[in-house]
Amino acid sequence: MKLQDKTILLTGASGGIGQALASTLASRGARLILTGRNYPALDALRQQLPGQHDCVSADLCQASDRQRLLAHCRQSGGIDMLINNAGCSHFSLFTQQSDADIEAQLATNLLAPMQLSRLLLPLLAERPEAMIVNIGSTFGSIGHTGFAGYCAGKFGLRGFSEALRRELADSTIRVLYAAPRATDTAINSQQLVALNRRLGNRMDSPSVVAAAVCRAIEKERRQLFIGWPEKVFVRLNAIWPTLVDAALRKKLALIKRYA
């Protein structure tokens, strides 16, 4: 799909990956509807981008705000693409997570993308070609200590993407599930950053992730896993999970210390 002149609703636009996506998409000629909860940050981003764009403050976990986004998209003449990028994470042992922590991760990472996608499908269906892009995670394929709630949401998002892609196979709407590995953004706590350093885990810049996602959109790929050796671990975990169990077991004491 060519990005030139496409109208794209981008959620979580003021976050690290969101800002990088906005910059890359705008540089390729897309018109953006930027949404998130921080309007001043959205407006500051909008003013930095080439071209004409809109920004709408919204809490995607609220039905009334999702309806307001739908109304704005209609008034804007429709959309060609929805990018479900908004997300949250809480790195800690599962026994230390509150009900609110668990609910926030599932609501933001899974339920909101599902509900917003369902709401906007009729608008997307009006276009000769359209796409839903769900930004997942390597942890949507590999369960990891300290991320039980986050993994649950991202595993669900991957399953939702696969099911929806098959359901829409006879339509003009394509579905892309993109899974970055650890990315250098504010979503990472200081403890997690320190752990990644101790483990030698690489962290991509948001611009690297944005460029890879945009290439996948242009090539109309179905899935994208970013980073080596993480993409190898994804395949290994699917085929031979006991090997990944053993590898993570060796690191368990260290991970628990930081979690």
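Just so you know, residue 1 is the first one in the sequence shown, and it goes up from there.
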To the nearest 0.5 Å, tell me how far [X] [atom1] sits from [Y] [atom2].
X: T24; Y: L3; atom1: OG1; atom2: CG; result: 10.0 Å
X: M131; Y: D80; atom1: CE; atom2: CG; result: 11.0 Å
X: F94; Y: D101; atom1: CZ; atom2: CG; result: 10.5 Å
X: D184; Y: M203; atom1: CG; atom2: CE; result: 5.0 Å
X: L10; Y: L42; atom1: CG; atom2: CG; result: 9.0 Å
X: K154; Y: S89; atom1: NZ; atom2: OG; result: 9.0 Å

Heavy atoms, side chains only, cut-off 4.5 Å: are [X] and [Y] in contact?
X: L192; Y: Y258; answer: no
X: L110; Y: Q105; answer: no
X: L9; Y: L69; answer: yes
X: C61; Y: T108; answer: yes
X: S207; Y: V209; answer: no
X: V208; Y: S205; answer: yes
X: K6; Y: R127; answer: no
X: Q67; Y: L119; answer: yes

Taking only Lys NZ, Arg NE, NH1 and NH2, and the carboxylate oxygens of Asp or Glu, determine whether [X] and [Y] approach each other closer than 4.0 Å.
X: R174; Y: E129; answer: no
X: R181; Y: D204; answer: yes
X: R31; Y: D54; answer: yes
X: E220; Y: K2; answer: no

Inset, instruction - List the steps and the verdict of side chain to side chain contact (heavy atoms under 4.5 Å, CB included) for L176 and I132. - result: CA-CA 6 Å; L176 165 64; I132 293 174; over 6 Å; no
Assess the side chains of [X] and [Y]: does a donor N or O sit below 3.5 Å from an acceptor N or O?
X: T11; Y: N85; value: no
X: N84; Y: S117; value: yes
X: T185; Y: T183; value: no

Inset, instruction - For the pair H53 and I33, evaluate side chain to side chain contact (heavy atoms under 4.5 Å, CB included) and give the outcome as yes or no after the intermediate values. - result: CA-CA 6 Å; H53 311 283; I33 301 173; over 6 Å; no
Provide the closest heavy-atom pair for [X] versus [Y] in the form atom of the first, atom of the second, distance.
X: L45; Y: A22; result: CD2-CB, 3.9 Å
X: H90; Y: Q97; result: O-NE2, 3.0 Å
X: P180; Y: G136; result: CD-O, 3.3 Å
X: I79; Y: C73; result: CG2-SG, 3.8 Å
X: I226; Y: A212; result: CD1-CB, 3.9 Å
X: L106; Y: G149; result: CD2-O, 4.2 Å

same_hphob_cluster([X], [Y]) at 4.5 Å side-chain heavy-atom cutoff:
X: V56; Y: I83; value: no
X: I17; Y: L116; value: no
X: V193; Y: I187; value: no
X: L248; Y: L199; value: no
X: L164; Y: F155; value: no

Legend entry - Main-chain N/O of S14 paired to Q19 side chain as donor or acceptor, under 3.5 Å: yes
Inset, instruction - Apply side chain to side chain contact (heavy atoms under 4.5 Å, CB included) to N237 and S141, showing your working. - result: CA-CA 8 Å; N237 191 59; S141 298; 5.7 Å; no
Would the number of heavy atoms belonging to other residues, nucleotides or ligands and lying under 6.0 Å from [atom1] of [X] be above 12?
X: Q190; atom1: CD; value: no
X: Q52; atom1: CD; value: no
X: F225; atom1: CZ; value: yes
X: R28; atom1: CZ; value: yes

Inset, instruction - Carefully, step by step, assess L93 and T145 under the rule side chain to side chain contact (heavy atoms under 4.5 Å, CB included). - result: CA-CA 7 Å; L93 298 180; T145 305; 4.2 Å; yes
Inset, instruction - With sequence neighbours excluded, tell me which residues meet ring-ring contact (aromatic ring centres under 6.0 Å, His included) with F139. - result: H144, F147
Legend entry - Member of L21, I8, V213 meeting the side chain to side chain contact (heavy atoms under 4.5 Å, CB included) criterion with V133: V213
Inset, instruction - Carefully, step by step, assess R166 and E162 under the rule salt bridge (Lys or Arg N to Asp or Glu O under 4.0 Å). - result: CA-CA 6 Å; R166 291 168 177 171; E162 183 177 283; 3.1 Å; yes
